[in-house]
Number of protein chains: 2
Amino acid sequence: MTSTPSPLDATQLGAYFALIEASSLLKHAVEQQLREAGDLSYVQFQLLATLGDSPTGSRRMTDLADGVVYSRSGLTYQAQTLEKRGLVTRSQSSDDERGVTVTITDGGRAVLAEVFPGHVAVLDDLLFAALSRADIETLADVLARARDHMRQTPPRSAQPRRRKRTTAANQP
Amino acid sequence: MTSTPSPLDATQLGAYFALIEASSLLKHAVEQQLREAGDLSYVQFQLLATLGDSPTGSRRMTDLADGVVYSRSGLTYQAQTLEKRGLVTRSQSSDDERGVTVTITDGGRAVLAEVFPGHVAVLDDLLFAALSRADIETLADVLARARDHMRQTPPRSAQPRRRKRTTAANQP
DNA sequence: AGCAAGTGCTTCGGATTCGAAGCAACTGCG
DNA sequence: CGCAGTTGCTTCGAATCCGAAGCACTTGCT
């Protein structure tokens, strides 16, 4: 199992740590703002934002979960919570009897709008303030590439059940 | 409070989303590896790694918490857990009677060593595979800058108690 | 058509998380 | 010196999170 993976050099380590650290710091700061401005957790905000972004204002549960990188059961919990608050509705998908479609309500959009300016302000102050235009462009480009690559790996929802094919890391 | 914060442009939004998404995906992948390889959660790994990185192998609780961007109470919990497993020890700081110094044990170092190769492998496969040398260097540079800027804001441990001074953004 | 495997979501139980409150030691200022 | 305010950590209670197991519908294969 210990197949001598090339040890990371200093730059790689730096990139990795900086990525984790920066995202953690940002997430926490944003989380506080969201809590105060609209009593939303970060995930809840992500869910509403994802839905709001959709042309129809709705998505299937699994797609939502994969989109925000969340467990299915966790999403069920959050969907219930948001539904109780009247920010989303849940309904059976028309084509698939099992599927549940989550839709953002006007109330949900209102909260989103309520919270958004402050959200942007935090981003400006914390993330973008220290970066040049070019930095931001590069960041967007590089991270998008990394993300796309990671998305190729089967998402959250596919792993657990069955492991019919080869299991893990491997190349003959 | 709605001070018309400049709306983000597409690039900024892209950078932000990519950052959050990429870090989430990476974190989850790493988490699975850590769980399998050494039954460690991500935070636990971060804590051990931080301690292992220290010349003395030890740190004070608050510094640890701020280092990994964690709540104090959460750290207390994790420190207990790690102590039970014999991966760290806790002792009173010599200079400050209240302070607690956490130190990594040989067992802790062993687990770290056990887990590290696989950890690196995941990083290679998921994060670095899609990026060029130059990409990685840029990423390290830009994110380090962002992180350092965010670190200027008082850390986790300073916020909660008292708000004796002005509340938010400000410089006299 | 009919059954076995697969997929979508929820429920369940337990682990982890956080902020607020509490306790103890430290500090500074009268 | 002595006490009010701070600071370091833990305890407490409640919220959130996840994976495993369960249930219901769908699909593929014969």
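As the structure is a prediction and not an experimental result, all values here were calculated from the model. Just the heavy atoms: all of them, side chains too, but no hydrogens, waters or symmetry mates, feed the values below. Chain identifiers are assigned alphabetically (A, B, ...) following the order of the sequence lines, protein sequences preceding nucleic acid strands; residue numbering begins at 1 within each chain.
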Would you say a side-chain N or O of [X] is under 4.0 Å from OP1 or OP2 of [N]?
| X | N | answer |
| --- | --- | --- |
| A/Gln78 | D/dC17 | yes |
| A/Gln80 | C/dT11 | yes |
| B/Thr62 | D/dC9 | yes |
| A/Arg90 | C/dT10 | yes |
| A/Tyr77 | D/dT16 | yes |
| A/Arg72 | C/dG8 | yes |

Whole angstroms only, please: what is the [atom1]-[atom2] distance between [X] and [N]?
| X | N | atom1 | atom2 | answer |
| --- | --- | --- | --- | --- |
| B/Leu34 | D/dG19 | CG | P | 14 Å |
| A/Tyr70 | C/dT16 | OH | C1' | 12 Å |
| A/Gln32 | C/dG19 | CD | C1' | 10 Å |
| A/Arg85 | D/dA15 | CZ | P | 14 Å |
| B/Met61 | D/dT7 | CE | P | 18 Å |
| B/Leu75 | D/dT11 | CG | C1' | 15 Å |
| B/Leu82 | C/dA15 | CG | P | 16 Å |
| B/Gln46 | C/dT16 | CD | C1' | 15 Å |

Checklist entry - Does atom CG of A/Asp95 have more than 12 heavy-atom neighbours from other groups under 6.0 Å away? => result yes

Next on the checklist: Parallel, tilted or perpendicular, judged at 30° and 60°: which one describes the rings of B/Phe116 and B/His119?
Outcome noted: parallel

Checklist entry - Base, sugar-phosphate, or nothing: which does B/Arg35 touch, judged by heavy atoms less than 4.0 Å apart? => result nothing

Taking the minimum atom-to-atom distance to the side chain of [X], which one of [options] wins?
| X | options | result |
| --- | --- | --- |
| A/Arg98 | C/dT11, D/dG8, D/dC25 | D/dC25 |
| A/Ser71 | C/dA25, D/dG19, D/dC9 | D/dG19 |
| B/Glu97 | C/dA25, D/dT26, C/dT10 | C/dA25 |

Checklist entry - When you check the gap from the basic side-chain N to the acidic O, do B/Asp9 and A/Arg133 get nearer than 4.0 Å? => result yes

Checklist outcome for this item: Note: for B/Ser73 and B/Arg60 on DNA chain D, the residue whose nearest nucleotide lies more 5' is B/Arg60

Checklist outcome for this item: In terms of heavy-atom contacts, A/Val122 and A/Val30 come closest through CG1-CG2, 4.0 Å

Checklist entry - Just by distance, do the side chain of B/Ser58 and the backbone of B/Thr101 share a donor-acceptor pair under 3.5 Å? => result no

